[in-house]
Amino acid sequence: MEINDITWNIIDASIKIHKTIGPDCFERVYEELLYYELTKRGSLVKRQLLFSITYEELRIENAYKLDLLVEKK
């Protein structure tokens, strides 16, 4: 899937969710709904991935948390 197609799909799903439930929900709710909507549309989605970083000899485990990874991008 091309990056523009992935982006369009995410934006379209986000607009659908916002039109349906509106503003003022917790981020966790929007993340769950977006995950649901994207997987329902056939996208490969992974959630809450932890990444480490290395600075010189220092390695910091779980330095970053990615909410959603769509189509390995």
Side-chain angles (χ1 to χ4, degrees):
M1 191 178 250
E2 295 293 321
I3 191 68
N4 288 338
D5 296 327
I6 295 167
T7 302
W8 181 89
N9 198 30
I10 292 169
I11 292 169
D12 186 60
S14 298
I15 290 169
K16 178 184 177 188
I17 292 165
H18 189 266
K19 283 182 178 179
T20 304
I21 66 167
D24 300 327
C25 281
F26 290 113
E27 179 184 352
R28 183 178 92 49
V29 174
Y30 290 117
E31 179 189 325
E32 182 77 31
L33 293 171
L34 188 56
Y35 174 80
Y36 169 80
E37 188 65 38
L38 292 174
T39 55
K40 186 173 80 169
R41 294 174 181 214
S43 292
L44 173 65
V45 185
K46 294 188 179 188
R47 296 177 63 190
Q48 299 296 317
L49 299 175
L50 298 173
F51 292 93
S52 303
I53 62 169
T54 302
Y55 174 79
E56 296 179 356
E57 298 84 32
L58 176 65
R59 181 165 177 85
I60 302 172
E61 297 296 328
N62 305 326
Y64 297 102
K65 181 166 60 170
L66 189 63
D67 293 331
L68 296 172
L69 180 68
V70 182
E71 298 294 337
K72 300 181 181 179
K73 305 241 185 267

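Sequential numbering from 1 along the given sequence is applied to the chain's residues. As the structure is a prediction and not an experimental result, all values here were calculated from the model.
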Check: With no hydrogens and no angle check, is any side-chain donor or acceptor of E61 less than 3.5 Å from a backbone partner on S52?
Finding: no

Check: Near E27 CD, under 6.0 Å, is it more than 12 heavy atoms from other residues, nucleotides or ligands?
Finding: no

Check: How many angstroms lie between atom OG1 of T7 and atom CG of N4, to the nearest 0.5 angstrom?
Finding: 6.0 Å

Check: For the side-chain contact (heavy atoms from CB on, under 4.5 Å) test, which of Q48, K40, R47, K46 pairs with Y35?
Finding: R47

Check: Just how far is it from atom CD of E71 to atom CG of L44, taken to the nearest 0.5 Å?
Finding: 5.5 Å

Note to self: Tell me the closest heavy-atom pair linking A13 and R41, and the distance in Å.
What the structure shows: CA-NH2, 3.5 Å

Checklist line | Common cluster, V29/L34, ILVMFWY with side-chain heavy-atom separation under 4.5 Å | finding: yes

Notebook entry, point to check: Can you tell me how far CD1 of I10 sits from NZ of K73, rounded to the nearest 0.5 angstrom?
Noted result: 11.5 Å

Check: Going by side-chain heavy atoms closer than 4.5 Å, which hydrophobic residues are tied to L58, directly or by a chain of links?
Finding: L49, F51, I53, I60, Y64, L66, L69

Margin query: What I want to find out is whether R28 reaches E31 closely enough, with some N-O distance under 4.0 Å, to be called a salt bridge.
Written below: no

Note to self: Ignoring hydrogens, what is the shortest heavy-atom contact between I21 and Y30? Give both atom names and the distance.
What the structure shows: CD1-CE2, 3.6 Å

Item checked: Spacing of NE2 belonging to H18 relative to CG belonging to L33, to within rounding of 0.5 Å -> 12.0 Å

Next item on the list: Would you kindly confirm whether W8 and I17 end up in one hydrophobic cluster when ILVMFWY residues are joined by side chain heavy atoms under 4.5 Å apart?
Entry: no

Check: What's the spacing between E37 CD and I15 CD1 if we round to 0.5 Å?
Finding: 12.0 Å

Checklist line | Separation of L68 CG from L38 CG (nearest 0.5 Å) | finding: 7.0 Å

